[in-house]
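Reading through the structure tokens given below for one structure.
One-based numbering, in listed order, for ligands and for the atoms of each.
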Amino acid sequence: MNPSGPIGVFDSGYGGLTVLKQIVKKLPEYEYIYLGDNARSPYGTRSFDTVYHYTLDCVKWFFEQGCSLVILACNTASAKALRTIQQNDLPLLAPDNRVLGVIRPTAEIIGTYSESKSIGVLATSGTVESASYPMEIAKFFPELKVYQEACPMWVPLVENGEFANHGADFFVKKNLHNIFEKGEAIDVILLGCTHYPLLQEKIKEYLPVGVKLIAQGEIVADSLADYLKRHPEMETRCSKGGTKKFFTTDSTDDFDNHAAVFYGKEVKSVHTSL
Ligand code: DGL
């Protein structure tokens with residue numbers, strides 16, 4: 001069993017920083033390391049097998065850094081790789097370590113926001129294809145109607161810093177139009193991709209009045225706090241001291257320039273190879 005180490009937070013790129021930001025706000029006392037697999041992002045358009053192998057490489061990397069607990073702050077990795085890693089790899093690699101995702105904690109609570117019992121999930125093609133959201137949500141809110149819409153252009157718009165520009169309007173309008181055509185009673189829109197909170201202001205411009213827009217950061221942070229309370233054996237293996245380290249598999253200059261926008265603060269990253 002590892003001695004205590006930082007909590008690992010993972011994303012294919014920058015999106016997980018929107019989740020880390022909320023986790024740090026809620027649980028500032030712990031140490032964190034963040035890894036963005038920027039060299040191989042986006043994950044959202046890749047096959048199950050590719051996302052699984054990429055994510056597994058990253059999980060192994062976190063374990064080598066001494067992390068006992070890793071959060072996949074990426075919906076695509078949570079949808080396409082988490083279950084296999086938890087069931088097949090973890091028992092062999094490090095049976096006492098834990099890897100958690102972002103879909104389950106979101107599914108556990110999302111139904112409480114809806115009065116019409118119809119929600120819309122906006123996500124990457126990979127997350128939509130996996131049907132993870134409808135399946136997970138049905139376990140907690142069987143009466144809830146879940147409509148999905150893949151927004152394959154949104155991650156590139158965000159990654160390229162176009163989220164506040166006019167170019168983004170076309171795709172935001174188009175995907176919102178599509179999802180409300182599928183389910184006109186939708187009164188909650190879930191941003192099921194950790195990149196999408198950057199588009200929140202733009203989305204609000206085109207959202208029908210009265211529809212709630214839900215991002216996952218705070219939900220995941222609350223759920224992690226609850227998990228650590230319920231699992232003191234894991235809590236004691238998470239080191240404290242408030243430090244944060246940022247790693248990227250690609251250019252550190254690019255990472256630092258983008259990361260500040262996602263994380264809300266200047267970031268100095270270190271390059272790593274997997
Ligand atoms: N941020 C990831 C997610 O939440 C997707 C980004 C990507 O396509 O790599 O799904």
Side-chain angles (χ1 to χ4, degrees), residues 8-23 34-59 70-83 85 99-107 110 120-136 148-163 168 171 175 189-200 203 213-221 223-224 246-250 254-255 258-259 261-263 274:
V9 178
F10 167 72
D11 185 45
S12 57
Y14 309 111
L17 288 165
T18 61
V19 176
L20 178 66
K21 183 177 164 184
Q22 299 301 332
I23 292 179
Y34 182 90
L35 174 65
D37 189 11
N38 300 82
R40 302 189 295 187
S41 78
Y43 279 20
T45 46
R46 299 195 193 275
S47 71
F48 265 89
D49 213 40
T50 303
V51 172
Y52 161 65
H53 283 109
Y54 284 4
T55 307
L56 182 60
D57 291 342
C58 295
V59 166
V70 176
I71 313 295
L72 302 184
C74 172
N75 287 272
T76 311
S78 301
K80 289 187 150 183
L82 179 62
R83 185 189 290 246
I85 290 175
V99 182
L100 307 175
V102 289
I103 294 184
R104 174 115 186 173
T106 308
I110 195 70
V121 178
L122 303 175
T124 64
S125 309
T127 300
V128 167
E129 275 161 27
S130 75
S132 298
Y133 270 109
M135 282 189 304
E136 284 297 318
Q148 302 192 94
E149 168 76 2
C151 309
M153 289 304 291
W154 289 21
V155 167
L157 282 169
V158 170
E159 293 261 325
N160 289 294
E162 291 291 329
F163 51 87
F171 290 103
N175 293 120
I189 288 286
L190 168 66
L191 301 180
C193 170
T194 54
H195 279 68
Y196 296 175
L198 273 283
L199 283 160
Q200 260 186 100
I203 297 167
L213 187 61
I214 308 291
Q216 294 171 296
E218 283 178 45
I219 296 174
V220 174
S223 162
L224 178 60
F246 299 86
F247 293 86
T248 174
T249 54
D250 206 357
D254 278 354
F255 188 90
H258 283 84
V261 180
F262 286 79
Y263 189 57
L274 298 173

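Here is the list of ligand 1 atoms found below 4.0 Å of a heavy atom in D11: 1 (N), 2 (C). Heavy-atom contacts of Y43 reach the following atoms of ligand 1: 7 (C), 8 (O), 9 (O) (cutoff under 4.0 Å). Taking every non-hydrogen atom of S12 and a distance limit under 4.0 Å, the qualifying atoms of ligand 1 come out as 6 (C), 7 (C), 9 (O).
Protein heavy atom nearest atom 3 (C) of ligand 1, with residue, atom name and distance: N75 N, 3.3 Å. Distance from atom 2 (C) of ligand 1 to its nearest protein heavy atom, with residue and atom name: C74 SG, 3.4 Å. Nearest to atom 8 (O) of ligand 1 among the protein's heavy atoms is G44 N, 2.8 Å.
No side-chain heavy atom of I110 sits less than 4.5 Å from a side-chain heavy atom of Y133. Taking the side chain as every heavy atom from C-beta outward, E136 and S78 never approach each other to under 4.5 Å. Side chains of E159 and P42 form no contact here, defined as non-hydrogen atoms less than 4.5 Å apart. Here the side chains of M153 and N175 are not in contact, with every heavy-atom distance at 4.5 Å or above. In this structure, R40 and L274 have side chains that are in contact, with non-hydrogen atoms separated by less than 4.5 Å.
At under 3.5 Å, not a single nitrogen or oxygen of T124, backbone or side chain, sits near a nitrogen or oxygen of ligand 1. Below 3.5 Å of separation, one finds no N or O of T45 facing any N or O of ligand 1. In terms of polar-atom proximity, defined here as any N/O pair under 3.5 Å, T76 does make such a contact with ligand 1.
Checked against a 6.0 Å centroid threshold, the rings of Y34 and Y263 do not count as neighbours.
By the criterion of a heavy-atom distance under 4.0 Å, neither the backbone nor the side chain of V102 is placed next to ligand 1.
Relative ring orientation between H195 and F262 is described as perpendicular, the plane-to-plane angle rising above 60° on a 0-90° scale split at 30° and 60°.
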